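The basis for the numbers below is simple: all heavy atoms, side chains too, and nothing from hydrogens, waters or symmetry mates. All values reported here derive from a predicted model rather than from experimental measurement. Count residues from 1 along the sequence.
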Amino acid sequence: MGEEKWRDFPSWPPPGYEPRRFHLQPDGALSTEAPAGSSPDGYRYDPADPTPALGGVRMAFGEKAGRVGNAALEARPDVLTYTTSVLEEDVEVVGEVSAEIFFRSSLPYADVFVRLCDVHAGGRSTNVCDGLISLTGADEITPAAVTLWPTAYRFERGHRIRVQVSSGAFPRYNRNPGTGEARATATTLRAADQQVFHDPRHPSAVLLPVR
């Protein structure tokens, strides 16, 4: 994708693509440099107004799947974004994508949703792959290991790479009520204050297999 061509590889994941950490940085930046000392970013997640699902891997009648514009999603106060500077050369990402997000919630039960996006030269942000993990003990700083879908994508020169961090993608994933109750039958919803850390002791990053 991105190049819109078929490739043949001898195996999966293909050889020659090594995982590289793209670190979350202060002020919404994303780079391969190690993060400096900084305060965590925060947002409030309310399961009564859950962060919505948009595009991506889904088979729901009447819902658009695949690549979509993410402007409305990224404008929400419960979605954090981290973006590289303009790419000076093409970046190929082929293989398994994951993230390590150092996260803390005001509640013990929380979800961490991570989405990789391609920001085009005109500013349009489209999703590439994403994933979610549910945490218990989230009221302590936790390295949330999020597995995103595998991908084969070329970020073109002049584009930017973006990572979204939030706490849901409803209704693709059942909303986390914040209480520990079973999600299908929960009767109480509790809002939570979430923190995402990016400092030398808590180097949150997305791991991209690049060549």
Side-chain angles (χ1 to χ4, degrees), residues 1-25 28-32 51-60 63-74 79-101 103 111-134 143-170 172-173 196 203-211:
M1 297 176 290
E3 188 183 24
E4 312 308 333
K5 291 184 178 179
W6 287 102
R7 296 278 191 91
D8 290 320
F9 295 107
S11 61
W12 184 267
Y17 293 84
E18 297 299 326
R20 181 179 297 175
R21 292 178 69 93
F22 284 73
H23 289 102
L24 279 55
Q25 306 280 355
L30 182 72
S31 79
T32 56
T51 315
L54 190 68
V57 180
R58 56 195 309 190
M59 296 180 66
E63 298 289 342
K64 182 173 175 56
R67 278 182 278 180
V68 298
N70 280 249
L73 185 62
E74 293 172 353
V79 178
L80 301 177
T81 60
Y82 301 88
T83 312
T84 65
S85 56
V86 174
L87 300 176
E88 297 181 355
E89 59 184 4
D90 293 348
V91 176
E92 284 189 6
V93 176
V94 183
E96 309 291 329
V97 180
S98 62
E100 182 182 40
I101 306 297
F103 178 89
D111 291 348
V112 179
F113 179 78
V114 178
R115 168 167 278 192
L116 179 67
C117 294
D118 181 3
V119 182
H120 300 239
R124 176 177 167 83
S125 172
T126 57
N127 48 295
V128 176
C129 59
D130 51 45
L132 179 143
I133 189 171
S134 296
V146 184
T147 300
L148 284 67
W149 278 72
T151 195
Y153 196 93
R154 171 178 283 188
F155 293 87
E156 294 184 346
R157 180 170 62 90
H159 288 210
R160 291 177 291 160
I161 300 171
R162 174 170 292 169
V163 171
Q164 296 176 15
V165 181
S166 63
S167 287
F170 180 79
R172 179 175 161 197
Y173 298 98
V196 173
S204 295
V206 62
L207 282 71
L208 304 180
V210 299
R211 185 178 65 181

* Structure fact -> So CZ of R67 and CG of N127: to nearest 0.5 Å the spacing works out to 8.5 Å

* Structure fact -> Looking only at heavy atoms, the pair that brings S125 and C117 closest together is OG-CB, 3.5 Å

* Structure fact -> Between E96 and W12 the two heavy atoms that sit nearest each other are OE2-NE1, 2.8 Å

* Side chain to side chain, E100 and R21, heavy atoms closer than 4.5 Å -> yes

* Does any non-hydrogen side-chain atom of R211 lie less than 4.5 Å from one of V94? -> no

* 4.5 Å side-chain heavy-atom contact, F155 and R160 -> no

* Under a 4.5 Å cut-off applied to non-hydrogen side-chain atoms, are V97 and P150 in contact? -> no

* To do: Check H120 against D118 and note the closest heavy-atom contact, atom names and distance.
  => CD2-O, 3.4 Å

* **Distance-only donor-acceptor check, side chains R162 and N70, under 3.5 Å** => no

* D130 and R172: side-chain contact (heavy atoms from CB on, under 4.5 Å), yes or no, with the steps? -> CA-CA 12 Å; D130 51 45; R172 179 175 161 197; 2.9 Å; yes

* Asked: When you look at CZ of R20, are more than 12 heavy atoms from neighbouring residues, nucleotides or ligands closer to it than 6.0 Å?
  -> no

* For P52 and L73, which heavy atoms make the closest approach, and how far apart are they? -> O-CD1, 3.6 Å

* **Ring geometry between F9 and Y17 (parallel below 30°, tilted from 30 to 60°, perpendicular above 60°)** => perpendicular

* Asked: In Å, rounded to the nearest 0.5 Å, how long is the span from OH of Y173 to OG of S167?
  -> 13.5 Å

* To do: Compute whether any side-chain donor of one residue and acceptor of the other, for D111 and S134, lie under 3.5 angstrom apart.
  => yes

* May I have the step-by-step check of side-chain contact (heavy atoms from CB on, under 4.5 Å) for Y153 and L116, ending in yes or no? => CA-CA 11 Å; Y153 196 93; L116 179 67; over 6 Å; no

* Roughly how far apart are E92 CD and E3 CD, rounded to 0.5 Å? -> 6.5 Å

* Structure fact -> On a heavy-atom basis, the closest approach of A121 and H159 is N-CD2, 4.0 Å

* Structure fact -> CD1 of I161 to CZ of F22, rounded to nearest 0.5 Å, is 4.5 Å

* Would you check if L30 and T81 make a side-chain contact, meaning some heavy-atom pair closer than 4.5 Å? => no

* At what distance, to the nearest 0.5 angstrom, does CZ of R157 lie from CD of E88? -> 9.5 Å

* **Euclidean distance, E74 CD relative to L54 CG, rounded to 0.5 Å** => 9.5 Å

* Considering all heavy atoms, the nearest G95-P13 contact -> CA-CB, 4.5 Å

* When I101 is tested against each of L80, V196, V163, I133 for side-chain contact (heavy atoms from CB on, under 4.5 Å), which residue passes? -> V196

